[in-house]
Amino acid sequence: MNISFEKMGNEHQKPVMEIFNYYITTFTAALPEPFYKFLMEKSEGYPSYVLKDDDTVIGFCQLGKYNGFPTFKSTVTITYFIAKDYTRKGLGSECLKKLEQEAVKMGIKNIVAEVSSENEQSIEFHKKHGFVVAGELKDIGEKFGRSFGVVYMQKRLEDIA
């Protein structure tokens with residue numbers, strides 16, 4: 001693999017949506033279809049990348065505003081999705097590392113991940129990388145005829161230099 005990061009822009013809409021739509025139709029990822037515009041707006045002013053293998057987009061990652069009030073300016077949310085054929089190859093860890101480094105440069109102190117309660121793999125990934133469960137909203141979503149919750153995970157960046 002020849003992996004690189006490239007700043008995410010409008011030209012990446014089609015491959016990013018193809019990756020995300022896999023998770024929408026297969027798992028309890030639950031963002032609306034006009035998702036790309038939402039992604040771009042949420043990450044405005046924050047690092048946002050596509051992950052490429054040569055010229056093929058194989059994932060995306062970004063930080064975004066946690067809350068619009070200035071009181072929360074040192075906290076961001078994190079989003080990343082890797083194409084199904086590229087998972088479990090350390091690419092999520094590479095995305096997280098890159099975004100953490102940039103967050104530290106920006107003076108960010110906390111990263112929040114919102115994870116479907118059914119996504120045990122993602123919950124374990126975040127725990128392995130220093131996130132802790134900060135809370136859970138139970139049974140707030142419904143998909144595939146069943147209810148699921150959202151697990152909020154937090155990582156404090158004070159120890160990252």
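Remember, it's a predicted structure, so these values are computed and weren't measured experimentally. All heavy atoms count here, side chains included; hydrogens, waters and symmetry mates do not.
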Can you list the residues that meet the side chain to side chain contact (heavy atoms under 4.5 Å, CB included) rule with Pro47, with sequence neighbours excluded? Tyr49, Leu63, Leu99, Glu102, Met106
Quick one: does NZ or CZ of Lys98 land under 6.0 Å from the six-membered ring centre of Phe5, within 45 degrees of the ring axis? yes
Considering residues at least two apart in sequence or located in another chain, which fulfil the side chain to side chain contact (heavy atoms under 4.5 Å, CB included) criterion with Met8? His12, Val16, Tyr36, Leu39, Met40, Ser48, Val50, Phe60, Gln62
Would you indicate whether the side-chain heavy atoms of Ile140 and Phe148 approach each other to under 4.5 Å? no
Taking everything shown except Lys109 itself, do over 12 heavy atoms lie less than 6.0 Å from its NZ? no
Val112, Phe69: one ILVMFWY side-chain cluster at the under-4.5 Å cut-off? yes
Between the OG atom in Ser4 and the CD atom in Glu6, the distance rounded to the nearest 0.5 Å is 6.5 Å
Ser147: partners by side chain to side chain contact (heavy atoms under 4.5 Å, CB included), with sequence neighbours left out: Asp139, Glu142
Taking only residues at least two apart or on different chains, which pairs with a member in residues 119-134 satisfy salt bridge (charged side-chain N to carboxylate O under 4.0 Å, His left out)? Glu124-Lys127
Under the side chain to side chain donor-acceptor pair (under 3.5 Å) test, residues paired with Lys14 that sit two or more places apart: Glu18
Would a 4.5 Å heavy-atom cut-off, applied to side chains only, mark Leu96 and Tyr80 as touching? yes
Output all residues satisfying side chain to side chain donor-acceptor pair (under 3.5 Å) with Asp54, sequence neighbours left out; order by chain, then residue number. Asn2
Which atom pairs, donor and acceptor, lie under 3.5 Å between side-chain atoms of residues 83-93 and protein residues at least two apart or in another chain?
unit_1	atom_1	unit_2	atom_2	d
Tyr86	OH	Asp53	OD2	3.2
Thr87	OG1	Lys84	O	3.2
Ser93	OG	His129	NE2	2.9

Does anything in residues 65-82 form a salt bridge (charged side-chain N to carboxylate O under 4.0 Å, His left out)? List the pairs, not counting sequence neighbours. none
I'd like to check the salt bridge (charged side-chain N to carboxylate O under 4.0 Å, His left out) partners of Glu136; sequence neighbours left out, ordered by chain and number. Lys138
Using side-chain heavy atoms (C-beta onward) and a distance below 4.5 Å, is Ile111 in contact with Glu100? yes
Only one of Leu51, Val57, Ile82 passes side-chain contact (heavy atoms from CB on, under 4.5 Å) with Ile19, and that residue is Val57
Once salt bridge (charged side-chain N to carboxylate O under 4.0 Å, His left out) is applied, what residue pairs with a partner in residues 41-50 remain, sequence neighbours excluded? Lys37-Glu41
Do Thr77 and Glu114 make a side-chain contact, defined as non-hydrogen atoms from C-beta onward lying under 4.5 Å apart? yes
Any non-hydrogen side-chain atom of Asn119 less than 4.5 Å from a side-chain atom of Val151? no
Side chain to side chain, Ile108 and Leu157, heavy atoms closer than 4.5 Å: yes
Residues in ring pair (Phe, Tyr, Trp, His ring centres under 6.0 Å) with Phe131, at least two apart? His126
Excluding sequence neighbours, so at least two apart, what forms ring pair (Phe, Tyr, Trp, His ring centres under 6.0 Å) with Tyr66? Phe72
Nearest 0.5 Å, please: how far is CZ in Phe125 from OG in Ser122? 7.5 Å
Just so I know, are the side chains of Ile123 and Met153 near enough to count as touching, which here means a heavy-atom distance under 4.5 Å? yes
